[in-house]
Amino acid sequence: MPELPEVEILVRHLRPLIQNKTIRGVQVRRAKILKPTSPAELKRVLLGAKFTGLSRRGKYLLFDLRPRGRRVAVVVAAHLGMTGRIYLVRHGSMLPKHAAVVLNLGGKDLIFEDTRYFGRFTLDTSILAKLGPEPLSDEFTAGHLYEALERSTQSIKVKLLDQSLLAGVGNIYASEALFRARISPRLAAHNLTEDQVRRLWRAIRTVLAEAIRFGSTVPLNHGQDQNRDGLFYFGRAADAPNYYEERLRVYDCAGRPCGRCGSAIKRIVQAARSTFYCPACQRSAVRGKSD
DNA sequence: CACCATGTTCCTTG
DNA sequence: CCAAGGAACATGGT
């Protein structure tokens with residue numbers, strides 16, 4: 001579920017639901033998620049605190065809180081990792097197997113669930129300083145991208161996953177953006193022409209903006225458990241329509257015909273992760289190499 | 001049993 | 001010191 005568009009949709013969904021709610025209970029069921037914050041510290045800061053805002057930076061959710069009896073605001077930075085979810089249930093509902101953190105908000109419980117426990121829910125916000133620009137902001141320009149790619153010999157696909165280059169693109173939208181820009185994922189970053197960089201810059205923004213627009217039409221509370229709210233189905237739930245996958249043009253589409261030219265979409269592995277692309281539409285600029 | 005999975009960090013190698 | 005590649009983290013689905 002978690003790349004920039006999914007996190008953005010989640011933030012928009014959650015914001016009005018938690019605004020001004022006071023935390024009456026904090027339950028930490030998997031301390032690893034808080035690192036380097038300790039469960040005791042989290043409880044000390046969050047008990048009695050009130051949610052004052054919710055925003056996003058890259059793939060992070062930023063919960064603004066005003067602790068009880070204190071002026072200074074605090075921020076909880078949450079990252080969903082691969083399998084993280086955040087949603088509200090009726091207070092006292094049966095907890096899912098992998099609930100890592102549960103906040104009692106009175107009538108509702110805010111659940112941070114994460115099957116693989118790669119996510120984060122922490123008071124440590126130092127990681128945010130290392131993030132590159134927001135891809136959809138004015139700060140992120142084609143010039144910025146060109147300069148960042150200029151001296152890198154890494155393949156462009158792998159480079160797009162670097163959160164210090166730009167924040168929020170993950171494995172799915174990296175493939176999607178390169179397809180849209182018609183650039184081979186194997187091309188070394190410093191070999192992109194100015195025109196290609198410009199196309200890629202535009203493609204990144206279009207792909208992310210489209211995903212957000214699309215995500216805003218998807219109901220967040222479908223799925224099996226009526227009790228739940230804010231579930232964002234990314235995977236292939238048997239009982240839920242595959243909104244997301246139908247819309248992706250290359251990701252997880254190996255063997256299927258390219259929507260532009262009809263060639264079979266190919267899967268390759270780069271930096272131990274799958275990349276999907278159309279070998280006909282996304283030709284490498286390196287002569288002699290057939291993609 | 002094998003391989004795959006939306007992510008990040010740490011370690012090794014060059 | 002830097003860049004790049006790979007393993008590790010942990011659990012589940014196919």
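By convention in this document, chain letters (A, B, ...) are assigned in the order of the sequence lines, proteins followed by strands, and residues within each chain are numbered from 1. All values below were derived from every heavy atom in this structure, side-chain atoms included, with hydrogens, water molecules and symmetry-related copies excluded. In this text, all values refer to a predicted model and were calculated from it rather than measured experimentally.
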Strand DNA chain B as a dot-bracket string - pairs counted if Watson-Crick or G-U with both distances under 3.5 Å, | where the partner lies in another strand: .||||.||||||||
task: If a pair satisfies salt bridge (charged side-chain N to carboxylate O under 4.0 Å, His left out) and one of its residues is in residues 187-199 of chain A, list it, with sequence neighbours excluded.
output: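 Those involving residues 187-199 of chain A are A:Asp195-A:Arg199.
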field: Any residue meeting side-chain hydrogen bond (donor to acceptor under 3.5 Å, both in side chains) with A:Glu147, in chain and number order, not counting sequence neighbours
entry: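 A:Glu147 satisfies side-chain hydrogen bond (donor to acceptor under 3.5 Å, both in side chains) with no other residue.
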task: Name all residues meeting the side-chain hydrogen bond (donor to acceptor under 3.5 Å, both in side chains) criterion together with A:Thr153; count only those two or more places apart in sequence or in a different chain, and write none if there are none.
output: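 A:Thr153 satisfies side-chain hydrogen bond (donor to acceptor under 3.5 Å, both in side chains) with no residue once adjacent residues are dropped.
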Calculate the interatomic distance between [X] atom [atom1] and [N] atom [atom2]; express it in whole Å.
X        : N      : atom1 : atom2 : result
A:Arg273 : C:dA8  : CZ    : C1'   : 14 Å
A:Ile172 : B:dG7  : CD1   : P     : 7 Å
A:Ile33  : C:dT11 : CD1   : C1'   : 12 Å

query: What distance, rounded to whole Å, do you find between the two P atoms, one in B:dC11 and one in C:dA10?
result: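 The same atom, P, in both gives a distance of 15 Å.
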task: Could you work out the separation of C:dA7 and B:dA2 based on their P atoms and round it to a whole Å?
output: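 Nearest-Å result for C:dA7 against B:dA2 at atom P: 16 Å.
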- request: Only pairs at least two apart or in different chains count here, so list each side chain to side chain donor-acceptor pair (under 3.5 Å) that has a residue in residues 14-37 of chain A.
  value: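 Sorted result for residues 14-37 of chain A: A:Thr37-A:Thr122.
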- prompt: For residues 41-59 of chain A, which residue pairs qualify under side chain to side chain donor-acceptor pair (under 3.5 Å), counting only residues two or more places apart or in two chains?
  reply: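 Pairs touching residues 41-59 of chain A that pass the test: A:Glu8-A:Arg56, A:Arg56-A:Glu134, A:Arg57-A:Glu134.
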- request: Could you pull out all residues at least two apart from A:His144 that satisfy ring pair (Phe, Tyr, Trp, His ring centres under 6.0 Å)?
  value: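 Ring pair (Phe, Tyr, Trp, His ring centres under 6.0 Å) list for A:His144, sorted by chain: A:Phe140.
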message: The criterion is ring pair (Phe, Tyr, Trp, His ring centres under 6.0 Å); which residues satisfy it with A:Phe51, sequence neighbours excluded?
response: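 Partners of A:Phe51 under the ring pair (Phe, Tyr, Trp, His ring centres under 6.0 Å) test: A:Phe63.
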Do any N or O atoms of the protein come closer than 3.5 Å to N or O atoms of nucleotides 10-14 of chain B, and which pairs are they?
none

task: For A:Ser274 and for A:Tyr60, locate the closest nucleotide of DNA chain B by heavy-atom distance; then report the residue assigned to the nucleotide nearer the 5' terminus.
output: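 Result of the comparison: A:Ser274.
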field: A:Arg260, CZ: over 12 other non-hydrogen atoms inside 6.0 angstrom
entry: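 Correct, the count exceeds 12.
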message: Can you confirm whether more than 12 heavy atoms, excluding those of A:Glu139, are under 6.0 Å from its CD atom?
response: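 No.
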task: Could you check which of B:dT8, C:dA10, C:dG12 has an atom nearest any side-chain atom of A:His98?
output: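 Within the option list, the nearest is C:dG12.
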Show the distances under 3.5 angstrom between N or O atoms of the protein and N or O atoms of nucleotides 2-5 of chain C.
residue, atom, partner, partner atom, Å
C:dA4, OP1, A:Thr153, N, 3.0
C:dA4, OP1, A:Thr153, OG1, 2.2
C:dA4, OP1, A:Gln154, N, 2.9

- request: Just grab all the ring-ring contact (aromatic ring centres under 6.0 Å, His included) pairs involving residues 252-274 of chain A, residues at least two apart or on different chains.
  value: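 Qualifying pairs, neighbours excluded: none.
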Proximity to DNA chain C (any heavy atom under 4.0 Å), residues of residues 114-127 of chain A only: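 DNA chain C contact set from residues 114-127 of chain A: A:Thr115, A:Arg116, A:Tyr117, A:Phe118.
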- request: Please examine the side chains of A:Arg267 and A:Thr275, heavy atoms only from C-beta on, and report whether any two atoms are closer than 4.5 Å.
  value: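 They are not in side-chain contact.
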